[in-house]
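Below is one structure, written out as structure tokens; comments come after it.
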Amino acid sequence: MNSRHDIRWCDCSDAHALATAVASAMRDAIEAAVATRGTAFVALSGGNTPWPAYEALSHNELAWDRVVIIPTDDRLVPFGDPLSNVTATTKIFEPLGARVQPLTDATGSGPIADQRLRSLPWPLDFVLLGVGGDGHTASIFPGKDFAAAVDPHNPARALGVTPDPLPPEAPVARVSLTLAAIAAARAVAVAATGSNKRTVIERAIEEGSNSGFPVGRVLAAIPTPVRVYWAPQ
Ligand code: 6PG
């Protein structure tokens, strides 16, 4: 169980400083994993915040052919759709030689997603999470799938999620890594901007494992120190 002192805020002056700091953390995690185990297996969040960090990371000379990347979650849309997280991640990292693995196939089925993921080198070495203004993280949202998504004993690593209500920025069904898969990672970081999200994350940390915010449940389940990278906008 993660107590408050295991959450380390990394306050950045602006979005550029945030991107630089997050890219450095990802680079270090990838280099350490490849040096230790020959492979780096990372899960990257979608949304808008992290893309400058991914761009900055892509400029590093790394053993990209040893890197396996999955989204922390994805929207159930065809590859190439503007809402597709794996499409955006593939465009940045596949040309470098990294292997980018979709969470699921076109059916979007959670069980298919979980089956497809079994062959990957679990546990994850690094997870970068985003946070929505409603406190969701990955695609763990309030709704009928919430209990299964945050069940620490759920053996599934991914599941289908129908947020209720559907988030306006991407009003589609999702597939998401589970709390259990995220919490088993060797390192987890969060990237968020703005005062509203800071308040949400602070409340979520305070509420811990009973938090009404999905991100609170997830952070409370992570046994390792979590760095929260934040910038004012
Ligand atoms: C997604 C993300 C999601 C995202 C948050 C924050 O697919 O939308 O994985 O969890 O990280 O919604 O998104 P912003 O960074 O755009 O605020």
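As the structure lists them, so they are numbered: ligands from 1, and atoms in each ligand from 1.
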* **Within-cut-off N or O pair, Thr137 and ligand 1, under 3.5 Å** => no
* To do: Is it possible for you to check whether Arg99 lies under 6.0 Å from the centre of the six-membered ring of Trp64, through NZ or CZ, and within 45° of that ring's axis?
  => no
* Check: Ser139 N/O within less than 3.5 Å of ligand 1 N/O -> no
* Any side-chain heavy-atom pair from Leu76 and Thr104 closer than 4.5 angstrom? -> yes
* Asked: At what distance is the nearest protein heavy atom to atom 16 (O) of ligand 1, and which residue and atom is it?
  -> Asn48 N, 2.6 Å
* Over all heavy atoms of both residues, which pair between Asn154 and Ala180 is shortest? Give the atoms and the distance, please. => O-CB, 3.6 Å
* To do: Report the C-alpha distance between Arg198 and Asp11 in whole Å, list the side-chain angles of each, state the deciding distance to 0.1 Å, and finish with yes or no for salt bridge (Lys or Arg N to Asp or Glu O under 4.0 Å).
  => CA-CA 10 Å; Arg198 176 143 196 153; Asp11 290 351; 2.8 Å; yes
* Asked: Between Ile140 and Thr178, which heavy-atom pair has the shortest distance, and what is it?
  -> CD1-C, 4.4 Å
* Asked: Is it true that Ile70 and Val67 fall in one hydrophobic cluster, defined by side-chain heavy atoms closer than 4.5 Å?
  -> no
* **Distance filter under 4.0 Å to Gly130 heavy atoms, resulting ligand 1 atoms** => 11 (O)
* Mind checking whether Lys197 has an N or O less than 3.5 Å away from an N or O of ligand 1? -> yes
* Asked: atom 13 (O) of ligand 1: which protein heavy atom is closest, and how many Å away?
  -> Gly47 CA, 3.7 Å
* Structure fact -> closest protein heavy atom to atom 9 (O) of ligand 1 is Asp73 OD1, 2.5 Å
* Does the pair Asp125/Arg37 count as a salt bridge with the N-to-O cut at 4.0 Å? -> yes
* Which residue owns the protein heavy atom closest to atom 6 (C) of ligand 1, what's the atom, and how far is it? -> Val131 O, 3.4 Å
* Select one of side chain, backbone, both or neither to describe which atoms of Thr49 lie under 4.0 Å from any atom of ligand 1, heavy atoms only. => both
* Looking at Arg174, which atoms of ligand 1 are within less than 4.0 Å of one of its heavy atoms? -> 1 (C), 7 (O), 8 (O)
* To do: State whether the shortest distance between N or O atoms of Gly46 and N or O atoms of ligand 1 falls below 3.5 angstrom.
  => yes
* To do: With side-chain contact (heavy atoms from CB on, under 4.5 Å) as the test, would you mind laying out the steps for Thr87 and Asp81 before giving the verdict?
  => CA-CA 7 Å; Thr87 302; Asp81 186 293; 6.0 Å; no
* For ligand 1, which atoms, with element, lie under 4.0 Å from some heavy atom of His136? -> 3 (C), 5 (C), 10 (O), 12 (O)
* Structure fact -> Checking heavy atoms under 4.0 Å, the part of Thr193 that sits near ligand 1 is neither
* Looking only at protein heavy atoms, which one is nearest to atom 8 (O) of ligand 1, and how far off is it? -> Arg75 NH2, 2.8 Å
* Using a strict cut-off of less than 4.0 Å between a Lys/Arg side-chain nitrogen and an Asp/Glu carboxylate oxygen, indicate whether Asp151 and Arg217 qualify as a salt bridge. => no
* Structure fact -> Closest to atom 10 (O) of ligand 1 (heavy atoms only, candidates Ser45, Ala191, Ala138) is Ala138
* Asked: Under 4.5 Å between any side-chain heavy atoms of Pro163 and Pro142, yes or no?
  -> no
